[in-house]
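Below: one structure, written as structure tokens.
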Amino acid sequence: MLQVSVLKENPELVLAGLAKKHYKTAEADVAAILSLDQRRRELQTSRDSAQAEANELARQIGGLMKSGDKTGAEALKLRTAELKQLTKTADDELAQVEDGLQQTLYKLPNLPHSSVPEGRSAQDNEVVREGGTKPDLPADALPHWELIKKYDIIDFELGNKITGAGFPVYKKQGARLQRALINFFLDQARDAGYDEVQPPILVNEASGYGTGQLPDKEGQMYHDAKDNLFLIPTSEVPITNLYRDEIVAADQLPIRNTGYTPCFRREAGSWGADVRGLNRLHQFDKVEIVQITQPENSYAALDGMVAHIEGLLQKLELPYRVLRLCGGDMGFTSALTFDLEVWSAAQGRWLEVSSASNFETYQANRLKLRYRAEGGKTQLLHTLNGSALALPRIVAALLENNQTPDGIRLPEVLHSYCGFEKIG
């Protein structure tokens, strides 16, 4: 959530940033926020003035009663009653104004970092660098949705029977590969200095608002209406919310956590080859890395997170590229995002497997997540997260890129985790 002070001090900068993100109602929403904030301050001043006068009259009434001036005391009591009503009226309106201000602030996306390129869609993203070598597959190479049937390692029909489309069943070597990748990613994160946590996969509404999934992504989240709980779309939500309403000691920073969870997302209106097989699922496994740090260190932290994710892809021997997302393709809460994609040889296209983002103070402001700086003053922290990694498209690329007439060769780094060197 943007800070009102930023909107008041730099409205032109805010409007330019919102324009880069192609936010359509920027001028109207910013004007509404500034107007509501002005009214909030007027009401607060009026309420405080009435309360101060009432406190002073209470002191005077006590003196008049002691001196025997009941008539004077009664007159002041009448005024005190008027002030009490004025205070109640101001409190009621203040609550409405503050709620309207909060809800309008929730609508505004984060402002993009100055390095974010202009653009409206994924076609406008900037390729930062590429790594690895694309495999040269024979003409009869199979896409992963055919390979999983050939080797009987993932079953979409069984998942559809049990739950519905987008909930596959992993079995035999497919199930063992899933577990191997999760353990490999967690071990690599711990070796890189991240503390492992195992958070809940259901979160309350406050947690959804804290990291910005609500209200922006409400329609994409699975919701239990009876208990008002949400299945997490990513473990970023519970892991970051561990620190909601906290003042973190400076010597505890940076906070670096990792966690594995299943993730759940509705995906509406998607058809065709681009979403076949493992390309898009309602439930999938992911290892996440999360950092919380002082503002001056956050972009160095982001670079380190991207380097860590690149290292995973290199060890998996997957060709990849790093993209800097343009304003129109960025997430709602992000100030700067790098996507990492792997080459899917049989499909002949790039598949996104990770996003690493710096949210600056946007989430921290919602979370009331601060640290005590030198001099004792509290300041908002910066939050960051990255997928390290999401499994489905990693598995798709591993299957497609490494297929041979004798089975699917797995990268050496996974042999000890899997207990086998190839599928088939």
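Note: hydrogens, waters and symmetry copies are ignored here, and every other heavy atom, side chains too, is used. Everything numeric here is computed off the predicted structure, so don't read it as measured data. Starting from 1, each residue takes its place in the sequence as its number.
- For the pair Arg324 and Phe338, the cation-pi criterion (under 6.0 Å, within 45° of the ring axis) is not fulfilled.
- Shown here are the salt bridge (charged side-chain N to carboxylate O under 4.0 Å, His left out) partners of Glu146, two or more places apart in sequence or in another chain: there are none.
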Atom pairs and distances, side-chain donor-acceptor, residues 202-210, under 3.5 Å, sequence neighbours left out:
{"residue": "Asn204", "atom": "OD1", "partner": "Ala206", "partner atom": "N", "Å": "3.4"}
{"residue": "Asn204", "atom": "OD1", "partner": "Ser207", "partner atom": "N", "Å": "3.0"}
{"residue": "Asn204", "atom": "OD1", "partner": "Ser207", "partner atom": "OG", "Å": "3.0"}
{"residue": "Ser207", "atom": "OG", "partner": "Arg244", "partner atom": "NH2", "Å": "3.0"}

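- Counting heavy atoms from C-beta outward, His223 and Asn228 have side chains that approach closer than 4.5 Å.
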| task | Any chance you could lay out the side-chain contact (heavy atoms from CB on, under 4.5 Å) test for Leu34 and Leu7, step after step, and finish with the verdict? | result | CA-CA 8 Å; Leu34 295 178; Leu7 275 71; 4.2 Å; yes
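- By the 4.0 Å N-to-carboxylate-O rule, Arg393 lies too far from Glu341 to be salt-bridged with it.
- Partners of Lys171 by salt bridge (charged side-chain N to carboxylate O under 4.0 Å, His left out), not counting sequence neighbours, listed by chain and number: Asp152, Asp155.
- The residues Asp37 and Lys8 are annotated as salt-bridged, a charged nitrogen and a carboxylate oxygen being separated by less than 4.0 angstrom.
- No side-chain N or O of Thr258 forms a donor-acceptor pair with one of Glu196 less than 3.5 Å apart.
- For Asp29, the salt bridge (charged side-chain N to carboxylate O under 4.0 Å, His left out) partners at least two apart in sequence or on another chain are Lys107.
- Counting only N and O atoms by type, the side chains of Arg120 and His22 include a donor and acceptor under 3.5 Å apart.
- Taking 4.0 Å as the cut-off between side-chain N and carboxylate O, Lys88 and Asp91 do not count as a salt-bridged pair.
- Using a 30° and 60° split on the angle between ring planes, Tyr194 and His308 fall in the tilted class, from 30° to 60°.
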| said: I'd like to know whether Trp145 forms a side-chain contact (heavy atoms from CB on, under 4.5 Å) with Asn279, so could you lay out the CA-CA distance, the side-chain angles of the two residues, the decisive distance to 0.1 Å, and finally the verdict. | reply: CA-CA 9 Å; Trp145 52 85; Asn279 288 341; 4.1 Å; yes
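- For His113 and Tyr299, the ring centers are positioned less than 6.0 Å apart.
- Residues in residues 354-372 take part in no salt bridge (Lys or Arg N to Asp or Glu O under 4.0 Å) pair, two or more places apart or across chains.
- Tyr260 and Glu288 share no donor-acceptor pair across their side chains, judged by distance under 3.5 Å alone.
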Please list, one pair per line, the donor and acceptor atoms closer than 3.5 Å that link side chains of residues 229-238 to other protein atoms, with sequence neighbours excluded.
{"residue": "Thr234", "atom": "OG1", "partner": "Glu236", "partner atom": "N", "Å": "3.2"}
{"residue": "Thr234", "atom": "OG1", "partner": "Lys286", "partner atom": "NZ", "Å": "2.8"}
{"residue": "Glu236", "atom": "OE2", "partner": "Gln363", "partner atom": "NE2", "Å": "2.7"}

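- Residues Glu27 and Leu15 are in side-chain contact: their nearest non-hydrogen atoms beyond the backbone lie under 4.5 Å apart.
- For the pair Arg176 and Phe420, the cation does not sit on the ring face, since its NZ or CZ is not both under 6.0 Å from the ring centre and inside 45° of the axis.
- A 4.5 Å side-chain heavy-atom check between Pro112 and Leu336 finds every atom pair outside the cut-off.
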